[in-house]
J.: 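Take this structure, written in structure tokens, and hold onto it; I'll ask about it next.
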Amino acid sequence: MRDEIIAEIEQILPAEQILRREPMSRHTTFRAGGPAELFLEIKSASELQKLLTFFYESGTKYFVVGNGSNLLVDDSGYDGAIIHIAGGFCGIRVAEEKITAEAGTLLGRAASAALEHSLTGLEFAFGIPGSVGGGAVMNAGAYDGEMSGVVSLVKGFAANGKEVVFENKDLEFGYRNSILKREKIVVTEVEFKLSGGMRKEISAKMADFTERRRTKQPLEYPSAGSAFKRPEGHFAGKLIMDAGLRGLRVGGAQVSEKHCGFIINRGGATAADIRQLMEKVQETVKERFDVDLEPEIVYLK
């Protein structure tokens with residue numbers, strides 16, 4: 001990256017928020033991937049807006065990352081700037097039946113805040129490892145709950161740094177999709193509209209979902225959750241299992257024996273291992289069942 005680009009970034013962010021050649025294995029739940037040329041920690045909407053405006057005007061290559069729970073970075077790394085929206089950008093406000101969370105807030109923390117205030121609707125999100133911002137973009141969901149059912153308002157920035165606001169009806173939510181994803185909106189804040197509930201019942205539902213995840217998902221290994229989207233009329237995990245791929249390995253990457261919809265890092269897996277295994281799964285399922293598995297994981301190079 002050119003020195004003049006870096007010099008401009010240094011005018012926007014403090015030096016301690018600018019990391020060079022930062023291994024992305026430290027910032028993805030796969031615990032794999034090469035270094036980002038620049039890794040920029042964001043702590044405010046103002047910093048984010050200035051960066052986006054500058055990157056738009058200068059044509060600088062960048063990618064926005066939250067908790068890295070749906071991301072695989074190539075072993076060669078990323079030759080641009082990673083904008084990291086996480087721990088320093090995670091304020092939460094609660095007012096009556098509304099929770100407003102900054103984009104870097106973990107979904108589990110937002111769900112815990114709802115429990116604390118006896119608000120129901122976010123229980124499904126308690127065990128999802130992603131951030132609020134990424135969850136809104138991807139319309140994250142689990143156990144018959146989705147962001148589309150509880151998000152009332154989203155604030156963010158367009159690629160040119162212009163502030164945008166979307167109400168639920170404008171977000172065009174679909175399966176793991178939204179207008180935010182299609183238009184590459186960088187989310188800064190999400191407002192949830194919940195309902196009053198009984199704290200004991202909310203807690204019980206969260207405990208039930210946690211136990212289901214513990215018994216059915218390979219939480220003891222690094223992964224990115226479900227590796228593939230659910231094909232219409234099928235379940236990806238069952239197709240993979242029925243294709244005889246349970247436990248299939250490439251290097252340190254493996255199709256989970258506990259849940260075939262997960263690709264796990266058994267230890268030392270490279271991004272190439274994971275990608276090669278995913279391609280092998282896609283090829284075999286296509287050959288056996290004539291079903292195309294679409295990756296849910298974003299691949300970054």
Side-chain angles (χ1 to χ4, degrees), residues 24-33 65-75 106-108 124-131 134-135 137-147 175-177 208-289 291-300:
M24 288 303 294
S25 57
R26 298 177 181 173
H27 303 283
T28 64
T29 56
F30 255 135
R31 298 294 177 256
V65 173
N67 198 44
S69 60
N70 201 41
L71 181 66
L72 179 63
V73 181
D74 190 85
D75 295 311
L106 290 178
L107 283 165
F124 75 90
F126 184 63
I128 298 176
S131 64
V137 171
M138 295 295 296
N139 189 21
Y143 300 116
D144 298 323
E146 284 187 325
M147 296 289 277
Y175 176 64
R176 302 297 175 263
N177 205 349
D208 175 48
F209 291 163
T210 298
E211 180 62 14
R212 287 200 231 175
R213 286 187 170 96
R214 188 190 68 79
T215 57
K216 296 180 180 179
Q217 297 179 9
L219 303 180
E220 64 271 31
Y221 293 105
S223 78
S226 298
F228 301 99
K229 294 180 181 179
R230 184 177 66 243
E232 189 172 351
H234 300 276
F235 291 98
K238 188 175 189 310
L239 288 170
I240 296 166
M241 181 178 66
D242 291 347
L245 299 176
R246 181 193 296 273
L248 180 67
R249 291 187 69 158
V250 173
Q254 182 182 41
V255 174
S256 169
E257 295 173 295
K258 197 172 187 180
H259 189 315
C260 292
F262 284 61
I263 302 292
I264 59 174
N265 182 349
R266 287 294 300 253
T270 64
D273 291 341
I274 295 166
R275 199 168 187 214
Q276 187 179 337
L277 181 56
M278 290 179 67
E279 290 171 353
K280 175 65 174 175
V281 168
Q282 288 173 295
E283 290 167 7
T284 305
V285 168
K286 177 66 173 177
E287 189 177 283
R288 289 285 306 277
F289 305 112
V291 175
D292 293 308
L293 290 181
E294 183 183 351
E296 189 164 315
I297 297 163
V298 176
Y299 181 70
L300 186 63

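Heads up: numbering here begins at 1 and tracks the sequence. All values reported here derive from a predicted model rather than from experimental measurement.
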J.: Please check if the number of heavy atoms outside Phe235 that lie under 6.0 Å from its CZ is greater than 12.
T.: no
J.: Does some side-chain heavy atom of Leu72 sit less than 4.5 Å from a side-chain heavy atom of Val298?
T.: no
J.: Looking at Lys286, I'd like to know if its NZ atom is crowded, meaning that more than 12 non-hydrogen atoms belonging to other residues, nucleotides or ligands lie closer than 6.0 Å.
T.: yes
J.: Does Arg31 have any salt bridge (Lys or Arg N to Asp or Glu O under 4.0 Å) partners at least two apart in sequence or in another chain, and if so, which?
T.: none
J.: Between Arg246 and Ser256 (side chain of the first, backbone of the second, donor and acceptor by atom type, cut-off under 3.5 Å), is there such a pair?
T.: no
J.: For the atom pair CD1 (Ile263) and CD (Gln254), what is the distance rounded to the nearest 0.5 Å?
T.: 9.0 Å
J.: Who passes side chain to side chain contact (heavy atoms under 4.5 Å, CB included) against Asp208, sequence neighbours left out?
T.: Arg212
J.: So which heavy atom on Gly135 is nearest to which on Leu107, and how close?
T.: CA-CD1, 4.4 Å
J.: Can you name the closest pair of heavy atoms from Asp273 and Gly252 and give their distance?
T.: OD2-N, 3.3 Å
J.: For residues Leu293 and Ala236, report the shortest heavy-atom separation together with the two atoms involved.
T.: CD2-CB, 4.0 Å
J.: Minimum heavy-atom separation for Val65 and Met24, please, with both atom names.
T.: CG2-CE, 4.4 Å
J.: So, taking the atom named CG in Leu248 and the one named CD in Glu257, what distance separates them when rounded to the nearest 0.5 Å?
T.: 10.5 Å
J.: Checking the side chain of Asp75 only, and the main-chain atoms of Ala272 only, is there a donor and an acceptor separated by less than 3.5 Å?
T.: yes
J.: Using modelled atom types and a 3.5 Å cut-off, is there a donor and acceptor pairing between side-chain atoms of Thr29 and backbone atoms of Ser223?
T.: yes
J.: Can you name the salt bridge (Lys or Arg N to Asp or Glu O under 4.0 Å) partners of Lys258, sequence neighbours left out?
T.: Glu220
J.: Specify the closest pair of heavy atoms between Asn265 and Phe30, including all atoms of both residues, with the distance to one decimal.
T.: ND2-O, 3.0 Å
J.: Could you work out, with side chain to side chain contact (heavy atoms under 4.5 Å, CB included) as the rule, every residue matching Thr284, not counting sequence neighbours?
T.: Ala243, Leu245, Lys280, Arg288
J.: So, the side chain of Asn70 versus the backbone of Glu296: is there a donor-acceptor pair under 3.5 Å, distance only?
T.: yes
J.: Please test Glu146 against Arg176 for side chain to side chain contact (heavy atoms under 4.5 Å, CB included), starting from the C-alpha separation and ending with a verdict.
T.: CA-CA 9 Å; Glu146 284 187 325; Arg176 302 297 175 263; 3.5 Å; yes
J.: Working to the nearest 0.5 Å, report the span between CD of Gln282 and CG of Leu239.
T.: 12.5 Å
J.: Does any part of the side chain of Pro231, heavy atoms only, come nearer than 4.5 Å to the side chain of Asp292, both counted from C-beta?
T.: no
J.: So, do Met278 and Arg275 sit near enough that their side-chain heavy atoms are less than 4.5 Å apart?
T.: no
J.: If you apply the rule side chain to side chain contact (heavy atoms under 4.5 Å, CB included), what do you find for Ile264 with Gln217, and how did you get there?
T.: CA-CA 10 Å; Ile264 59 174; Gln217 297 179 9; over 6 Å; no
J.: Apply salt bridge (Lys or Arg N to Asp or Glu O under 4.0 Å) to Arg266 and list each qualifying residue two or more places apart in sequence or on a separate chain.
T.: none
J.: Distance from Phe262 atom CZ to Leu219 atom CG, nearest 0.5 Å?
T.: 7.0 Å
J.: Is it true that Phe209 and Phe126 have ring centroids separated by less than 6.0 Å?
T.: no
J.: Work out which heavy atom in Ile297 is nearest to a heavy atom in Ser226; give both atom names and the distance.
T.: CG1-O, 4.3 Å
J.: Any non-hydrogen side-chain atom of Phe228 less than 4.5 Å from a side-chain atom of Val281?
T.: yes
J.: Answer yes or no: does atom CD of Glu279 have more than 12 heavy-atom neighbours from other residues, nucleotides or ligands under 6.0 Å?
T.: yes
J.: Applying salt bridge (charged side-chain N to carboxylate O under 4.0 Å, His left out) as the test, list every pair that has at least one member in residues 226-237; sequence neighbours left out.
T.: Lys229-Glu294
